[in-house]
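A quick write-up on the structure given underneath.
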Amino acid sequence: QVQLVESGGGVAQPGGSLRLSCAGSERTLDYYAIGWFRQAPGKEHDGVACISGKDGSTYYSDSAKNRFTISRDNAKNTVFLQMSSLMADDAGVYHCNQCFFGAGETIIAPPDGWGQGTQVAVSS
């Protein structure tokens, strides 16, 4: 129902910052919990952060907590991921999608609805 377009990726130095954006096609995006997922080469999507569509509550993976911040601007129908203190293992293609919670509060997504993502690289 809603097309999501990711942007903002690029190359950062270790310890640097990037801000990713996830833009929805319509304001109906405001009703959904939206998360960011990192896909490393040959790996599955790993949930990084999730923001609720109900009250804006935020959730993070252990590695993202205290370094990344997820937020949303409902007027612009956009979800952001502010990434700071970047490390080499943060690299990958970042996708946004609806988010849910699995065992141990793992952030998961439905099997479809994936866009092209935006690539994040961290230089050595």
How far does [atom1] of [X] sit from [atom2] of [Y], to the nearest 0.5 angstrom?
| X | Y | atom1 | atom2 | result |
| --- | --- | --- | --- | --- |
| Thr106 | Asp62 | OG1 | CG | 9.0 Å |
| Gln82 | Leu18 | CD | CG | 8.5 Å |
| Ile108 | Glu44 | CD1 | CD | 12.5 Å |
| Thr58 | Arg72 | OG1 | CZ | 11.5 Å |

Just by distance, do the side chain of [X] and the backbone of [Y] share a donor-acceptor pair under 3.5 Å?
| X | Y | result |
| --- | --- | --- |
| Tyr32 | Asn97 | no |
| Ser52 | Ser57 | no |
| Gln39 | His95 | no |
| Arg67 | Met83 | no |

Minimum side-chain heavy-atom gap [X]-[Y] below 4.5 Å:
| X | Y | value |
| --- | --- | --- |
| Ile107 | Tyr60 | no |
| Arg19 | Phe80 | yes |
| Cys99 | Phe37 | yes |
| Leu86 | Phe68 | yes |

Where is the tightest heavy-atom contact between [X] and [Y], given as atom of each residue plus distance?
| X | Y | answer |
| --- | --- | --- |
| Ser21 | Trp36 | O-CH2, 3.4 Å |
| Ala12 | Ser17 | CB-O, 4.4 Å |
| Arg38 | Asp90 | CD-O, 3.2 Å |
| Ile51 | Gly56 | CG1-O, 3.7 Å |
| Cys96 | Ile34 | CB-CG2, 4.3 Å |
| Cys50 | Phe101 | SG-CZ, 4.0 Å |

Subject >> Single-linkage hydrophobic cluster, 4.5 Å side-chain cutoff, Val48 and Val122 together >> reply: yes

Subject >> Plane angle bin for His45 and Trp114 - parallel if under 30°, tilted between 30 and 60°, otherwise perpendicular >> reply: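 Rings of Trp114 and His45: parallel, under 30°.
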
